[in-house]
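Every chain is numbered from 1 and lettered A, B, ... according to where its sequence line falls, protein lines coming before strand lines. Note that this is a predicted model, so its numbers are computed, not measured.
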There are 2 protein chains.
Amino acid sequence: MNMRERILLTAASLFESRGIHASGVDTIIAESGIAKATLYKHFPSKNLLIVAYLRDKSDRFYEWLNSRLSSKKANSLDILVELCELVEQWIMTPEFHGLPFHIASVEFPDPTHPINQYSAVLAVELQGYLSKIAAEAGAKDPEALGQQLTILFEGAALVERLSPGIGAAKRAKNAALTLIRASI
Amino acid sequence: MNMRERILLTAASLFESRGIHASGVDTIIAESGIAKATLYKHFPSKNLLIVAYLRDKSDRFYEWLNSRLSSKKANSLDILVELCELVEQWIMTPEFHGLPFHIASVEFPDPTHPINQYSAVLAVELQGYLSKIAAEAGAKDPEALGQQLTILFEGAALVERLSPGIGAAKRAKNAALTLIRASI
DNA sequence: TAACATAAAGACAGGTCTGTTCATTTATTT
DNA sequence: AAATAAATGAACAGACCTGTCTTTATGTTA
């Protein structure tokens, strides 16, 4: 019965299946079975709902990843190998519909728009996260490797979404492994 | 005074700076200085204008690329190296605002929508183009390398667009060169 | 000059969008 | 059981959307 959560879940599902602009507030309230005033009480504007959705999705992703990575010991490329496997899994889950902050940045391309800016923040966050792991793993240039992995994963997410079943995630994983091995 | 071309140019500029959904027909005609009836004569619907825009952008890209690649001789990785340089240049031009079929596929996520389907066609086209060059260059598994390069380039386009000046295109190029060298 | 095609300008219909408001009903808490 | 808080349902405003249509103006060709 948690309203906020119910709204976020419905919004996420709609944003990802129909797009953000194409998901009207009326549709969100109809689909989640709540009143319009309730939505606007929890999220004073649609933009703030979108930002909350982006934050929520990011949190869940890192939570999911951390819970599976923490057991590996540092100073070994094993962490990176494990990371690649997990990202491949993540992309291949049926619920995956592309990186949310990608979708958001494409739908709000104006760099001065708050949603575009927040998307950029989340993108930098992802890059920092991957670079940190690369550093822990002992990569020669962690910053470079982290960014390359980011590019690979974001690209794979896109290609897999646009051409499902083509195996983009697996190919990206193999490319990532090649890059990792070359970065010792 | 070519109306069709003028409409396409204005539409492209608006689609890329504001997004497709956010660029109304009224804005397109106001910006291009033509009458609404003229637009609907050349493009019977906005969807068909979008498709024409996607086709046009793709054509121009391959034209640009081919005119710079044709001089290189085959059966040498030099073609692929040259290709990477060119793609980096392409991404770094100020007019670049992301791959058009990406933007389109994100804004029209429904797989049954004609624009999403056409975007998928263009994505496959790009992959085939890169695989063909990889084959001509003598790569071991041209299909695999072509797809990996696709993923890298599409990822770099996204990251560069979302975080301009971060050097994503260059990093992607270096990653591509590593993959190319590993694919002999 | 006369006939014809093309473009302009703008009103219009029917729909959707975000966000506000208000009276009524349902929950929760003391 | 009484008082407070939260959610509902519905109507509303003002703006924007695509696509059609009509009238007036501008060229172009015979």
Quiz item: Taking all atoms of both residues into account, what is the closest heavy-atom pair of A:Ser163 and B:Val124, and its distance?
Solution: OG-CG2, 4.4 Å
Exercise. Rounded off to whole Å, could you give me the NE2-to-P distance for the B:His21 and D:dA15 pair?
Key: 23 Å
Quiz item: Contacts to DNA chain D from residues 33-40 of chain A, heavy-atom cutoff under 4.0 Å, which residues?
Solution: A:Gly33, A:Ile34, A:Ala35, A:Ala37, A:Thr38
Quiz prompt | Integer-rounded Å distance: C:dA27 P and A:Asn2 CG | solution = 16 Å
Quiz prompt | Aromatic ring proximity B:His97/B:Phe15, centre distance under 6.0 Å | solution = no
Exercise. Return the value, rounded to whole Å, for the distance between atom CG of A:Asp26 and atom P of C:dT18.
Key: 7 Å
Quiz item: Between A:Ala157 and A:Leu99, which heavy-atom pair has the shortest distance, and what is it?
Solution: CB-CG, 4.2 Å
Quiz item: So which heavy atom on B:Leu122 is nearest to which on B:Tyr62, and how close?
Solution: O-OH, 4.3 Å
Practice problem: Classify the ring geometry between A:Phe61 and A:Trp90 as parallel (under 30°), tilted (30 to 60°) or perpendicular (over 60°). | Solution: perpendicular
Quiz item: Can you check salt bridge (charged side-chain N to carboxylate O under 4.0 Å, His left out) on A:Arg55 and A:Glu125, steps first, answer last?
Solution: CA-CA 11 Å; A:Arg55 177 74 272 165; A:Glu125 213 171 286; 2.9 Å; yes
Practice problem: Using whole Å, report how far CD1 of A:Ile29 lies from P of D:dA6. | Solution: 20 Å
Exercise. Measure the distance from CZ on A:Arg18 to C1' on C:dT16 and round it to the nearest whole Å.
Key: 13 Å
Self-check item: Integer-rounded Å distance: C:dT21 C1' and A:Lys41 NZ
Solution: 15 Å
Practice problem: Return the orientation label for the B:His21 and A:His21 ring planes: parallel under 30°, perpendicular over 60°, tilted otherwise. | Solution: perpendicular
Quiz item: Do B:Lys57 and B:Glu16 sit within salt-bridge range, that is, some charged N less than 4.0 Å from a carboxylate O?
Solution: yes
Quiz item: So which of residues 46-54 of chain A are in contact with DNA chain C, with a heavy-atom cut-off of under 4.0 Å?
Solution: A:Lys46
Practice problem: Nearest whole angstrom, please: distance from the P of D:dT26 to the CE of B:Met3. | Solution: 14 Å
Practice problem: In whole angstrom, give the distance that lies between atom CD of A:Glu107 and atom C1' of C:dC17. | Solution: 14 Å
Quiz item: Do B:Glu88 and B:Lys170 sit within salt-bridge range, that is, some charged N less than 4.0 Å from a carboxylate O?
Solution: no
Quiz item: Mapping A:Pro44 and A:Ala22 to their closest nucleotides on DNA chain C, which lands nearer the 5' end?
Solution: A:Ala22
Quiz item: Which residues, if any, of residues 109-118 of chain B bring a heavy atom under 4.0 Å of DNA chain D?
Solution: none
